[in-house]
Number of protein chains: 2
Amino acid sequence: MAERKAVERHSGVALWRQIADGIRVFIADGACRDSGLLPPAADLAERFGVNRHTVRAALAFLADEGLVESIQGYGTRVVDKRQLTLPISRRTRFSAGVGDQAASASIQLLRSAEGPAAGEVAALLRLAPGEAIIEVEEAGYVDSRPVSCSQHFFPARRFAGIAAEIVATGSITRAFAALGLTDYLRASTDVSARHADARERELMRLSPGAIVLETRSVNTDLDGVPVQCSTTRFAADRISLRMTP
Amino acid sequence: MAERKAVERHSGVALWRQIADGIRVFIADGACRDSGLLPPAADLAERFGVNRHTVRAALAFLADEGLVESIQGYGTRVVDKRQLTLPISRRTRFSAGVGDQAASASIQLLRSAEGPAAGEVAALLRLAPGEAIIEVEEAGYVDSRPVSCSQHFFPARRFAGIAAEIVATGSITRAFAALGLTDYLRASTDVSARHADARERELMRLSPGAIVLETRSVNTDLDGVPVQCSTTRFAADRISLRMTP
DNA sequence: GATAGTTGTCTAGATTAATAGACAATGTGC
DNA sequence: GCACATTGTCTATTAATCTAGACAACTATC
């Protein structure tokens with residue numbers, strides 16, 4: 001199973017970048033779980049059919065990301081950096097979902113605004129067009145590392161002041177509780193994946209070509225009345241999702 | 001909300017490629033749903049802060065993908081190419097999931113093999129290490145367009161000959177039925193996203209830097225006994241997932 | 001038909017990515 | 001200590017990408 005141009009020229013993605021992406025998959029497949037070492041750069045160069053310098057550029061990029069560490073005279077070590085798995089179920093909560101996979105999880109409010117509901121958001125929240133909604137933008141951190149950024153919409157009449165509560169409590173679940181909603185359920189979650197745009201790259205410190213997992217979800221109270229609809233983007237190299245019925 | 005460096009130099013992704021990815025998101029956000037036309041190339045060039053020729057390279061790439069169509073003297077039109085949404089629930093089925101979103105859906109068997117269960121697959125199927133399993137590789141097509149490729153594992157004792165049944169019936173659901181299993185349920189689905197590797201690019205005709213949505217799932221019979229575990233990769237620009245509880 | 005706005009094509013030059021080779025620096029094992 | 005394998009650094013060359021400008025070809029509108 002050797003050889004072969006796993007890389008393509010003139011594709012708009014630099015060879016070293018393609019190789020970096022390839023090595024990331026290689027590591028994720030657990031191909032060097034035993035020694036914890038990547039094959040030598042010269043071997044990789046032969047495998048990918050490129051010059052050693054090109055592989056070095058790929059490794060430097062991955063080292064900058066913190067995924068590997070090159071040690072002169074020894075080799076290139078894979079740094080254990082497991083992807084977090086976020087459970088998605090009827091009771092999806094960010095902090096609780098991170099659970100004991102990390103020491104800390106928090107969200108930071110970026111922006112909030114109030115305005116009339118329109119289009120898709122109005123339909124998902126089952127509001128008449130023009131009814132007031134509160135929009136909240138927020139970023140999620142795990143152990144001080146940005147892993148997500150979200151846009152949430154709430155019906156303004158029922159949840160007036162929720163932005164302040166989110167800041168005060170550092171959690172949407174607790175903000176809901178403070179406003180009298182002690183439990184809520186996830187009605188549906190749409191999942192897609194695409195390249196990060198400029199804003200997402202900035203917020204989550206991603207490089208061009210990086211991937212975001214985008215979820216669009218609706219939460220309802222126990223009577224099935226929509227209380228929140230959200231779009232969340234996760235840095236795909238840091239988070240995966242586990243859907244359980 | 002104008003201007004500036006939505007693109008990054010020295011990132012390993014060519015500017016025209018970053019711009020193509022940006023325009024794809026731009027279109028997906030419905031930014032030009034009214035006229036069906038993209039802004040002129042000169043405008044886009046100014047917006048992204050690059051030369052018009054660079055934008056032209058991006059548009060040529062997207063035209064090659066079939067997402068846009070440039071007409072001399074007129075403009076660049078967005079070709080309606082909606083993403084399919086595949087429902088993921090307790091009763092997830094590929095063909096039925098595509099449903100009326102397309103004229104036809106089919107799978108093609110690529111490879112099958114039998115061997116001893118090991119590691120993760122053995123654990124997920126609750127088999128003793130060494131018990132026989134059947135491995136099946138298959139590609140999914142919608143309207144003759146490749147949208148997915150999968151790797152499935154079945155306990156060999158219970159489903160001997162399933163590969164032949166899949167070929168005969170063109171469906172895993174019908175293959176199960178032919179072997180006496182008329183109903184089964186999805187127990188869990190893990191979702192992650194990453195860059196396509198060389199094989200996936202070839203099977204689904206993707207370019208370097210393209211994204212795959214990878215699902216890892218386990219199906220059980222109605223008694224909760226595992227009957228199948230699978231890894232499926234979807235071309236992220238053609239498929240999104242809808243999880244419902 | 002004239003005009004303005006848009007895409008298509010060509011040439012040339014500057015910048016960046018990739019290859020090639022030589023050799024230094026450092027860790028491992030004998 | 002010594003040989004060996006591996007990563008780190010340097011120079012030089014070639015190939016690809018991006019910029020710049022000029023102008024042709026085409027469409028829609030007046």
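Hydrogens, waters and symmetry mates are skipped; everything else that's a heavy atom, side chains included, is used. Order of the sequence lines sets the chain letters (A, B, ...), proteins ahead of strands, with each chain counted from 1.
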Looking only at heavy atoms, which two atoms of A/V50 and A/R9 are closest? And how far apart? CG1-NH2, 4.3 Å

Will you find, in the side chains of A/S11 and A/Q18, an N or O donor that is under 3.5 Å from an N or O acceptor? yes

Run the side chain to side chain contact (heavy atoms under 4.5 Å, CB included) check on A/M204 and A/D237 step by step: do they pass? CA-CA 11 Å; A/M204 297 192 271; A/D237 60 341; over 6 Å; no

Rounded to whole Å, the CG-C1' distance (A/L59 to D/dT7) equals 10 Å

Upstream residue (5' side of DNA chain D) when B/V13 and A/P40 are each assigned their closest nucleotide: A/P40

Can you give me the closest heavy-atom contact between A/G209 and A/R17, atom names plus distance? C-NH2, 3.9 Å

What parts of residues 60-78 of chain A reach DNA chain C, counting only heavy atoms under 4.0 Å away? A/Q72, A/G73, A/Y74

Per the atom types in the model, does the base of D/dG8 pair as donor or acceptor with the side chain of A/H53 at under 3.5 Å? no

Which protein N or O atoms sit under 3.5 Å from an N or O of nucleotides 12-17 of chain D?
residue: D/dA16; atom: OP1; partner: A/H10; partner atom: NE2; Å: 3.1

For the side chain of A/D143 and the backbone of A/R145, is there at least one donor-acceptor N/O pair under 3.5 Å apart? no

Mind grabbing the angle between the end helix axes of the helix from C/dG1-D/dC30 to C/dC30-D/dG1? Five pairs an end, 10° rounding. 40°

B/E46 atom CD is separated from D/dT19 atom P, nearest whole Å, by 14 Å

Evaluate the criterion side chain to side chain contact (heavy atoms under 4.5 Å, CB included) for residue pair A/V68 and A/I27; output intermediate values, then yes/no. CA-CA 10 Å; A/V68 302; A/I27 291 171; 3.9 Å; yes

Kindly state each residue pair satisfying ring pair (Phe, Tyr, Trp, His ring centres under 6.0 Å) with at least one member in residues 14-47 of chain B, sequence neighbours excluded. B/W16-B/F61

Only one of A/E138, A/R216, A/R111, A/E135 forms a side chain to side chain donor-acceptor pair (under 3.5 Å) with A/Q151, so which one is it? A/E135

How many Å lie between CZ on A/R52 and P on D/dA5, as a whole number? 14 Å

Quick one: list whatever passes side chain to side chain contact (heavy atoms under 4.5 Å, CB included) with B/R205, sequence neighbours left out. B/P146

Which atom pairs, one a donor and one an acceptor, fall under 3.5 Å between side chains of residues 35-43 of chain B and the rest of the protein, sequence neighbours left out?
residue: B/S35; atom: OG; partner: B/L37; partner atom: N; Å: 3.1
residue: B/S35; atom: OG; partner: B/L37; partner atom: O; Å: 3.4

To the nearest Å, how far apart are A/L37 CG and C/dT28 P? 10 Å

From CZ of A/R17 over to C1' of C/dT16, roughly how many Å is that when rounded to an integer? 16 Å

Where is the tightest heavy-atom contact between A/V98 and A/L86, given as atom of each residue plus distance? N-CD1, 3.9 Å

Measure CG/A/L44 against C1'/D/dT7 and give the value in whole Å, please. 13 Å

Calculate the interatomic distance between A/N51 atom CG and D/dG8 atom P; express it in whole Å. 15 Å

